[in-house]
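My questions all concern the structure below.
Here, residue 1 is the first one in the sequence, and each next residue gets the next number.
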Amino acid sequence: SYDYEKGMLQATYQLNQQKQLYAGALTENQLRNNPRQSQNNTDFSENGENYIAVKHQHFMNSNWYVDTHFAGRYLEGNGVLFSSFQQIRQTNSVESILNGKIGNTNMRSGLALLKTKYSLKGTLFTTTDNQDREDIYSQITFPFFKRLKLVTGIRLAEVRDEFMTNASV
């Protein structure tokens, strides 16, 4: 994190690794005696994930500031659940928000972009899902009394989704 006179810049990076072993089929007696036992070493999943984010906050004056967020996530995994599979998920986003105040009236306007890609490949199928989303929004909060406010706003959004499954028998 880096602070400067009119704002702040922060970066985050995370690396996650996960391995899960799944129990095989249990008899009724095995389930009653010890439901956590496993007789199966072949059903598993492994995932590796990278995440990076950058946040920037800049104050233009005492009433107005901009928040901007950039983030990216990449997950890759594989495993065996009845049959082998591989998966990849990638998500990238950016959002910028202008926050301000004129007198006692609060204003907030922003732009958000999101792009995701997902692929799951198994022995007998391939599934892909790609999605793009754009949002633009604005909100104004008018205070009337201590406990009564009028909030008005508008949001325009577009989502494009491409989903496809191919099976091979």
Side-chain angles (χ1 to χ4, degrees), residues 1-22 44-79 81 84-122 125-166:
S1 184
Y2 172 72
D3 294 327
Y4 62 97
E5 183 181 341
K6 292 203 171 226
M8 175 272 296
L9 182 65
Q10 179 182 34
T12 303
Y13 176 75
Q14 295 175 350
L15 173 64
N16 299 308
Q17 297 290 331
Q18 179 184 50
K19 182 169 185 174
Q20 295 177 318
L21 296 174
Y22 301 108
F44 70 94
S45 70
E46 292 181 290
N47 292 307
E49 180 180 39
N50 292 289
Y51 172 76
I52 188 165
V54 176
K55 177 182 179 180
H56 180 235
Q57 188 174 65
H58 181 77
F59 289 88
M60 294 174 281
N61 58 44
S62 61
N63 290 327
W64 293 91
Y65 66 96
V66 176
D67 274 329
T68 305
H69 308 265
F70 300 93
R73 184 180 306 270
Y74 181 80
L75 176 132
E76 189 169 354
N78 63 67
L81 294 172
S84 64
F85 68 89
Q86 297 85 36
Q87 66 176 339
I88 296 173
R89 180 183 308 270
Q90 185 174 357
T91 305
N92 296 302
S93 64
V94 62
E95 182 173 21
S96 189
I97 306 165
L98 174 65
N99 297 283
K101 185 181 249 195
I102 296 176
N104 289 330
T105 302
N106 292 317
M107 297 177 201
R108 176 182 179 99
S109 296
L111 170 70
L113 307 171
L114 175 70
K115 184 174 191 71
T116 62
K117 292 182 177 185
Y118 178 71
S119 171
L120 177 63
K121 295 179 182 176
F125 66 92
T126 299
T127 298
T128 58
D129 187 16
N130 299 320
Q131 187 178 85
D132 294 329
R133 190 179 91 200
E134 295 91 22
D135 295 273
I136 187 167
Y137 54 90
S138 188
Q139 177 179 306
I140 301 173
T141 304
F142 302 96
F144 286 111
F145 303 104
K146 188 174 184 179
R147 298 179 134 210
L148 180 64
K149 297 176 184 177
L150 172 64
V151 179
T152 63
I154 187 168
R155 176 180 290 269
L156 301 171
E158 181 179 6
V159 177
R160 290 178 306 284
D161 196 9
E162 298 173 10
F163 181 81
M164 186 171 49
T165 297
N166 295 324

With rounding to the nearest 0.5 angstrom, report the CD to CG distance, Gln90 to Asn50.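 Output value for this atom pair is 10.5 Å.
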
Looking at residues at least two apart in the chain, or sitting in another chain, which of them share a side-chain hydrogen bond (donor to acceptor under 3.5 Å, both in side chains) with Ser119?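 By the side-chain hydrogen bond (donor to acceptor under 3.5 Å, both in side chains) rule, Ser119 matches no residue at all.
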
Just to verify, what does Arg108 make a salt bridge (charged side-chain N to carboxylate O under 4.0 Å, His left out) with, not counting sequence neighbours?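 Once residues adjacent in sequence are excluded, Arg108 has no partner under the salt bridge (charged side-chain N to carboxylate O under 4.0 Å, His left out) criterion.
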
Decide yes or no on side chain to side chain contact (heavy atoms under 4.5 Å, CB included) for Ile88 and Tyr74, but give the supporting numbers first. CA-CA 7 Å; Ile88 296 173; Tyr74 181 80; 3.8 Å; yes

Between CZ of Arg73 and CZ of Arg89, what distance do you get to the nearest 0.5 Å?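 The CZ atom of Arg73 sits 10.0 Å away from the CZ atom of Arg89.
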
Once you round to the nearest 0.5 Å, how far does CG of Asp129 lie from CG of Leu120?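 The CG atom of Leu120 is 11.0 Å from CG of Asp129, to the nearest 0.5 Å.
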
With Glu76 via salt bridge (charged side-chain N to carboxylate O under 4.0 Å, His left out) - residues at least two apart: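 With sequence neighbours excluded, Glu76 shows a salt bridge (charged side-chain N to carboxylate O under 4.0 Å, His left out) to no residue whatsoever.
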
Assess the side chains of Gln86 and Asn78: does a donor N or O sit below 3.5 Å from an acceptor N or O?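 No donor-acceptor contact under 3.5 Å links the two side chains.
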
Less than 3.5 Å apart, any donor N or O on the side chain of Ser96 or Thr68 sitting next to an acceptor on the other?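 On atom types as modelled, these side chains qualify, holding a pair under 3.5 Å.
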
Non-hydrogen side-chain atoms of His69 and Ser93 separated by less than 4.5 Å: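 Of all side-chain heavy-atom pairs linking Ser93 with His69, none is under 4.5 Å.
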
Working to the nearest 0.5 angstrom, can you tell me the gap between Thr127 OG1 and Asn166 CG?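 Spacing of OG1 (Thr127) from CG (Asn166) equals 8.0 Å.
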
Is it the case that over 12 heavy atoms from other parts of the model lie below 6.0 angstrom from the CG atom of Asn104?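 Counting neighbours around CG of Asn104, 12 or fewer heavy atoms of other residues, nucleotides or ligands fall under 6.0 Å, so no.
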
Verify the neighbour count for atom OH of Tyr13: are there more than 12 heavy atoms of other residues, nucleotides or ligands below 6.0 Å?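 Yes, the 6.0 Å shell around OH holds more than 12 heavy atoms from other groups.
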
How close do Gln17 and Gly48 get, heavy atom to heavy atom, and via which atoms?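 Shortest heavy-atom separation between Gln17 and Gly48 comes out as OE1-CA, 3.7 Å.
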
Considering all heavy atoms, the nearest Tyr137-Leu111 contact: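 In terms of heavy atoms, the two residues are closest at CE2-N, 4.1 Å.
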
His58 versus Tyr4: any side-chain heavy-atom pair under 4.5 Å?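 With C-beta onward as the side chain, the pair touches.
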
Would you please test Gln131 and Tyr118 for side chain to side chain contact (heavy atoms under 4.5 Å, CB included) and show each step? CA-CA 9 Å; Gln131 187 178 85; Tyr118 178 71; over 6 Å; no

Partner residues of Glu134 under the salt bridge (charged side-chain N to carboxylate O under 4.0 Å, His left out) criterion, sequence neighbours left out: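 Result, salt bridge (charged side-chain N to carboxylate O under 4.0 Å, His left out) vs Glu134: Arg160.
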
Looking at every heavy atom in both Trp64 and Lys101, which two are closest together, and how far apart are they?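 Result for this residue pair: NE1-O, 3.8 Å.
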
Among all residues two or more places apart in sequence or in another chain, which pass the salt bridge (charged side-chain N to carboxylate O under 4.0 Å, His left out) test with Lys6?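 Partners of Lys6 by the salt bridge (charged side-chain N to carboxylate O under 4.0 Å, His left out) criterion come out as none, since no residue qualifies.
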
Step through the shown structure and confirm whether more than 12 heavy atoms of other residues, nucleotides or ligands are within 6.0 Å of CD on Glu162.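 Counting other residues, nucleotides and ligands, CD of Glu162 stays at 12 neighbours or fewer.
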
Which value, rounded to the nearest 0.5 Å, describes the distance between Asn92 atom CG and Lys115 atom NZ?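 The distance works out to 8.5 Å.
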
Go through the steps for Asn47 and Glu49 under the test side chain to side chain contact (heavy atoms under 4.5 Å, CB included), then give the verdict. CA-CA 7 Å; Asn47 292 307; Glu49 180 180 39; over 6 Å; no

Measure across Ser45 and Phe85 and return the closest heavy-atom pair with its distance rounded to 0.1 Å.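 Between these two residues, the closest heavy atoms are CB-CZ, 3.9 Å.
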
Under 3.5 Å, sequence neighbours excluded: what are the donor-acceptor pairs made by side chains of residues 143-153?
none

Given side chains that start at C-beta, do those of Ile102 and Asn63 come closer than 4.5 Å, heavy atoms only?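 Not in contact.
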
Distance check, rounded to the nearest 0.5 Å: Gln18 atom CD versus Glu46 atom CD?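 If I round to the nearest 0.5 Å, the distance is 10.0 Å.
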
